[in-house]
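Starting from 1, each residue takes its place in the sequence as its number.
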Amino acid sequence: MKLLSKVFDVSINTLLGSPRKLICQCCGMPLEDDDIIGHNHDGSFNEDYCKWCYSDGTYTYNDMDDLIEVCVKNMVSENFTEEQARSYMKELLPSLDYWKKYDELSDNGQF
């Protein structure tokens, strides 16, 4: 499956007909399109992360507060205040795999 994914430049989830809903395990963004799925160092898809949180085998964020600041700017709308967005992210992020396993996944600040 990994080879087919790489050859056709589509995620394994896409090859299988999108049987599961993917969300970035760092920021919580729905991964509904292969264009926003992160890539490993070898160019293969990493269906656990979006391209903004994980690119070329490197994690982007090493501080939850920094990530919240970036996300909140993009979430605020007439239906979602800054306070609501911040509260939502502070509750969501600790439940995601990246932040649960941060010490194991991080590379000692060498993001």
Side-chain angles (χ1 to χ4, degrees):
M1 292 300 278
K2 282 187 174 186
L3 180 60
L4 288 173
S5 172
K6 192 167 185 172
V7 167
F8 292 109
D9 195 31
V10 296
S11 68
I12 292 173
N13 199 52
T14 297
L15 285 173
L16 296 174
S18 300
R20 60 190 176 114
K21 292 206 180 264
L22 303 174
I23 66 164
C24 177
Q25 291 300 306
C26 182
C27 71
M29 175 185 285
L31 302 176
E32 298 171 343
D33 187 332
D34 285 353
D35 290 339
I36 62 172
I37 295 176
H39 287 82
N40 295 313
H41 188 61
D42 66 1
S44 63
F45 283 95
N46 186 317
E47 295 180 350
D48 291 331
Y49 303 101
C50 71
K51 67 182 181 180
W52 296 284
C53 292
Y54 184 80
S55 180
D56 296 323
T58 303
Y59 296 99
T60 306
Y61 296 98
N62 62 355
D63 183 277
M64 195 180 294
D65 291 328
D66 288 346
L67 175 58
I68 289 172
E69 290 304 314
V70 170
C71 292
V72 165
K73 291 176 190 174
N74 294 297
M75 294 171 69
V76 174
S77 69
E78 63 184 45
N79 298 320
F80 209 50
T81 68
E82 181 176 337
E83 183 178 299
Q84 289 171 319
R86 191 173 307 285
S87 175
Y88 173 79
M89 293 304 292
K90 284 184 178 185
E91 185 175 326
L92 172 68
L93 295 184
S95 72
L96 299 174
D97 287 348
Y98 176 76
W99 298 105
K100 285 183 192 175
K101 300 178 183 178
Y102 176 74
D103 290 335
E104 174 187 331
L105 294 173
S106 71
D107 52 5
N108 298 317
Q110 302 301 311
F111 288 85

Qualifying residues under salt bridge (Lys or Arg N to Asp or Glu O under 4.0 Å), relative to Glu32, sequence neighbours excluded: none
Is the side chain of Trp99 donor-acceptor paired with the backbone N or O of Cys26 at a distance under 3.5 Å, no angle test? yes
Nearest-0.5 Å distance, SG of residue Cys71 to OH of residue Tyr61: 6.5 Å
For residues Ile37 and Leu22, determine if any side-chain heavy atom of one lies less than 4.5 Å from a side-chain heavy atom of the other. yes
Steps toward side-chain contact (heavy atoms from CB on, under 4.5 Å) verdict (Val76, Thr81): CA-CA 5 Å; Val76 174; Thr81 68; over 6 Å; no
Side chain of Ser95, backbone of Leu92: donor and acceptor closer than 3.5 Å? yes
Determine the sole option in Met75, Glu69, Glu91 for which the side-chain contact (heavy atoms from CB on, under 4.5 Å) test with Arg86 is passed. Glu69
Go through the side-chain N and O atoms of Tyr98 and Asp48 and say whether any donor and acceptor fall under 3.5 Å apart. no
Counting distance only, does the side-chain N/O of Asp33 pair as donor-acceptor with the main-chain N or O of Ile36 below 3.5 Å? no
Can you check whether Asn62's main-chain N or O pairs, donor with acceptor, with Asp66's side chain at less than 3.5 Å? no
With rounding to the nearest 0.5 angstrom, report the NZ to CG distance, Lys21 to Leu31. 11.5 Å
Atom pair CD/OH of Glu47 and Tyr54 - distance to nearest 0.5 Å: 13.0 Å
With rounding to the nearest 0.5 Å, note down the distance linking SG in Cys53 to CG in Asn46. 11.0 Å
Looking only at heavy atoms, the pair that brings Cys27 and Met89 closest together is O-CE, 3.4 Å
Measuring from Tyr49:OH to Asn40:CG, what's the distance to the nearest 0.5 Å? 10.0 Å
Going from NE2 on His39 to OG on Ser44, what distance comes out if it is rounded to the nearest 0.5 angstrom? 8.0 Å
Would you check if Asn74 and Val70 make a side-chain contact, meaning some heavy-atom pair closer than 4.5 Å? yes
